[in-house]
Amino acid sequence: MNDEMTDFEKQLSKAMERVDAPENFAERVMQRAEVENFAATSHVRKSGHGAPKWWELRSWQWMTSPWAGGLVAAMLVAGVFLTGEHVHREHERQVQVQQATQQFETATQITDRALQRAREKMRRAGVDVDQ
């Protein structure tokens, strides 16, 4: 097994040996990148082929497209719907808070009356409750 690992390690070492790049490799890569970049950007702008990317549009150009009106309408409908939903939920929350406050006040009043009655009964029985 030790010999097998040694063979494997030798194969791995040979596969990972440093290999020098061909002559002028970096220059060719950079030239190709420049050519491809130029072709990609000039193709859309000069020849008119292909749709421009969103980052190539000016801020006002999207409004002249045929779908702009539908987009604006959809955004308005979504905004109205979401605002209405938010207002409705906020109203429901306020109603729940008011109900909880009213229930708390009622419970406090009932407790106060019960404590007052208990104090009166204790006073009548002769217990000093004002300490």
Side-chain angles (χ1 to χ4, degrees):
M1 178 150 184
N2 210 7
D3 291 334
E4 290 176 17
M5 285 303 288
T6 305
D7 289 339
F8 173 73
E9 289 173 354
K10 287 178 184 176
Q11 290 174 358
L12 184 61
S13 177
K14 185 174 181 166
M16 295 181 64
E17 283 181 355
R18 179 181 169 94
V19 177
D20 290 331
E23 250 183 71
N24 301 326
F25 177 74
E27 292 171 8
R28 290 191 318 234
V29 169
M30 294 305 292
Q31 285 175 351
R32 185 172 180 183
E34 288 176 14
V35 167
E36 288 179 3
N37 186 28
F38 178 75
T41 57
S42 64
H43 175 70
V44 170
R45 292 188 184 131
K46 292 182 180 174
S47 67
H49 293 97
K53 306 291 186 242
W54 67 268
W55 58 85
E56 293 175 340
L57 293 175
R58 300 196 196 289
S59 60
W60 54 269
Q61 283 181 325
W62 69 271
M63 295 184 72
T64 61
S65 63
W67 48 264
L71 177 65
V72 170
M75 289 171 55
L76 288 172
V77 168
V80 168
F81 175 74
L82 293 174
T83 302
E85 183 68 22
H86 175 73
V87 168
H88 177 70
R89 286 184 184 176
E90 186 64 25
H91 176 71
E92 285 182 345
R93 191 186 69 76
Q94 288 177 352
V95 167
Q96 289 175 347
V97 167
Q98 289 174 348
Q99 288 175 347
T101 302
Q102 187 177 20
Q103 290 173 355
F104 176 76
E105 289 174 358
T106 302
T108 303
Q109 291 173 356
I110 292 170
T111 303
D112 286 346
R113 288 183 198 148
L115 286 173
Q116 188 63 29
R117 287 181 189 147
R119 284 187 190 116
E120 288 298 321
K121 285 183 181 180
M122 290 174 74
R123 279 190 193 115
R124 279 188 249 140
V127 178
D128 187 21
V129 291
D130 293 330
Q131 293 178 353

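Only heavy atoms go into these numbers, but all of them, side chains included; no hydrogens, no water, no symmetry mates.
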Point to revise | Pair H88, E92: side-chain N/O donor-acceptor within cut-off below 3.5 Å | key: yes

Check your understanding: Any side-chain heavy atom of K14 within less than 4.5 Å of one from K10?
Key -> no

Review point. CD of Q94 to CD of Q99: how many Å apart, nearest 0.5 Å?
Key: 12.5 Å

**Study point:** Donor-acceptor under 3.5 Å (S13 side chain, E9 main chain)
**Key:** no

Review point. Salt-bridged, E120 to R117, with N to O below 4.0 Å?
Key: no

Check your understanding: Taking all atoms of both residues into account, what is the closest heavy-atom pair of E23 and R28, and its distance?
Key -> O-NH1, 3.4 Å

Practice item. State whether the number of non-hydrogen atoms from other residues, nucleotides or ligands found under 6.0 Å of E90 atom CD is greater than 12. Key: yes

Check your understanding: Atom CZ of R93 and atom CD of Q98: how far apart are they, to the nearest 0.5 Å?
Key -> 10.5 Å

Point to revise | Linked, directly or transitively: L115 and V127 (ILVMFWY side chains, under 4.5 Å) | key: no

Exercise for review: Please round to the nearest 0.5 Å and tell me the distance separating atom CE of M30 and atom CZ of F25.
Suggested key: 12.0 Å

